[in-house]
Amino acid sequence: MHLTRDEEKVLAGEEGGGRQKAMELLVALGDIFGAERLIPVKSAQVSGASFKTIGDAGIQWLEAMSEGTRASVPSMVNPLGLDMRRWRSMGVSRDFHDKQARIVAAYKSMGLRPVYSCTPYLAGYRPRRGQHLAWAESSATVFANSYIGARTNREGGPSALASAIIGKSPEYGLHLDENRLPKVEVNLPSIPEGLVPLAGYLVGKTAGNRIPLITGQALVEDEHKSFGAAVAATGAVSMYVSAGTVGHRKASDIDHSMIEERVTISSRDLRRCAEELSGGDEWDLVAIGCPHSSTRELGHMAKRLKNRRPRKDCDVWFCTSRMVHSSCPQHVATLRRFGKVLCDTCMVVAPIEEMYERTATNSGKAMVYLPTLGRQKASFRTTDQLLEAISR
Amino acid sequence: MSFLGGVDSSNGVILDPECALIGESVRGRILSFPFGIGSTVGSYVMYQLKLNKVAPKAIINRSAEPIVATGAIMSEIPMVDDIDISLISTDDRVAVNAADGAIELLDVTERHVVTSILRNRGKILILKRSNKVGSYRGSWAGVSGFVEKNETYEEAARREIAEETGLGDVHLSGRSSARSFRDDDNVWTVHPYLFDVSSRTVTIDWEHDDCAWIAPGELKKYSTVPGFHAVIKNLLEQTNS
């Protein structure tokens, strides 16, 4: 990789050990992926924030890195293992909280913004079309690439932190035009009510590591959020292409030259998938908000629940970002009658296995991680089915 | 190899049942494996090994990928990639120079050998190694021999042809890249050549008992020295294309 004189200086350690290590990481990854240079990024979003995923080694690494380094571009952090204000009522242990607090302190001291969310684009950091980013959260990466038309690879936690510190990322993969072309067309002629997340779930499986072109549907923004999260969870791609997005406004903007296969996922396929993921009918927890709920989604749910009463036969989590939470106090007040409205965390990265065994969710992404990382017996239900189940 | 779940971060013991070294510790040793797989959390496991003072001293990979490369930088473990790790055996002494991306096998000698395939009207010459030679007695091979000091590989190839077959009118038609393989304390690096010859009249010397002109397809009927099929395939493919 070709480095500028200033970059060489950082690599030689002239600006301290932390910046040197960050530069070493970017250069090593650039060399592995055949990048020719580093390019500036507008923002970074760092994963590896929950104590559950990075453990004691992660704490020590972040504490070591935080000595003498600062983020040089706006940088956000992925969800934590708990809500910083409501962790006691969540049922998280004091020990877990104290470890999590060290991670938060390390990120803060490096100047990362206290945006602990998988949806930074709903929390004041919405990129623009064509901007280069270094984002790590898979669902945010796929949203930024596919819906917004920004450009980011799916970074690892350490490489995203390195980009936050240096303000650059190696130029490879989804930063380059030639790697952003769809290779498989997936036609979705009709999606039954509430099953958009499962459409993403099946598209990810079909696509593998190929960028899919989605036809047959014009999804709205919130649907892109849940659809893309599932695509990135079951597939190895951080981007899809579809008309009607900021990235590709018109169908005629789309380059079909690399399409090698065409697949249809029917409404029957989606119903069968819902059946296969339905799990049991009894749950300890209903978890909504993967990815973090938008103001619009909280409003929709509040409206549905407004004139109903809570059933209280299991716990309920509505997960969102602090910014969305504070944007709609009335919705939050309604939802709080039915469960906890949590910020900074979610069912995927919280120590859910220490609290629950059976969890129901409306998220295609969470259906991938709840049984593995969360050791849950997981049940998929549509949003409306879940709202019905928790109220009367 | 996956560090997450594949290595016990408290003592460095390899847990992965797929790994030939299961039960051995990576602590203080040079760890050679093809490439990393699995979760990105593996980078943090490598850092934990370092904190627990049970990390490997260096890492050698056939090809680097992001998880191990990230972990190696976080943990300040010297790492080199693009190495033919099939040449390395467990318990070898290895010097790793991560700055130059090179390794040296301290107790292993590299020996250069030429092997030539002679071709005449579509048939190739194979020779059966006698009981008087030092290695691979009774196996079929090309015209082979050590490269001596002060001669080029091609000169060695021509000298061996003259000694072992008596043929003089030979025309160099192709060569393929050298291949190395490990055998005990030696690494044999074989330099393959293809020559067209005008005559099939061969006079073998003490190094061989027998010889035959065969079509390349017939080779599978013969018991040959290791890697001989691949050498012939490469040479013939290269000159045909």
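Order of the sequence lines fixes the chain letters, A, B, ..., with proteins taken first and strands second; residue numbering starts at 1 for each chain.
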Quiz item: Just wondering, are more than 12 heavy atoms of other shown residues or ligands nearer than 6.0 Å to CD in B/Glu24?
Solution: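 Atom CD in B/Glu24 is crowded, with more than 12 foreign heavy atoms closer than 6.0 Å.
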
Self-check item: Greater than 12 external heavy atoms within 6.0 Å of B/Arg159's CZ
Solution: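 Count over threshold, so yes.
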
Self-check item: chain A interface, residue from B/Val41, B/Leu51, B/Asn52 that has the most non-hydrogen pairs under 4.5 Å
Solution: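 Of the candidates given, the most pairs with chain A belong to B/Leu51.
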
Quiz item: How far does CG of A/Leu29 sit from CD1 of B/Ile73, to the nearest 0.5 angstrom?
Solution: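 It comes to 6.5 Å.
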
Self-check item: Between CG on residue B/Asp82 and CG on residue A/Asp31, distance to nearest 0.5 Å
Solution: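 Atom-to-atom, B/Asp82:CG and A/Asp31:CG are 11.0 Å apart.
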
Practice problem: Check salt bridge (charged side-chain N to carboxylate O under 4.0 Å, His left out) between A/Lys21 and all other residues, then give those that pass, not counting sequence neighbours. | Solution: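 Here the qualifying residues are B/Glu76.
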
Exercise. Quick one: closest heavy-atom pair of B/Tyr47 and A/Gln60, and the distance?
Key: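 So the two residues come closest at OH-O, 3.6 Å.
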
Practice problem: Search all heavy atoms of A/Pro158 against all heavy atoms of B/Thr70 and return the closest pair with its distance. | Solution: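 Reported closest heavy-atom pair: CB-CG2, 3.5 Å.
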
Quiz item: Non-hydrogen atoms of chain B under 4.5 Å away: do they reach the side chain of A/Ala64, the backbone, both or neither?
Solution: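 Only the side chain of A/Ala64 comes within 4.5 Å of chain B.
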
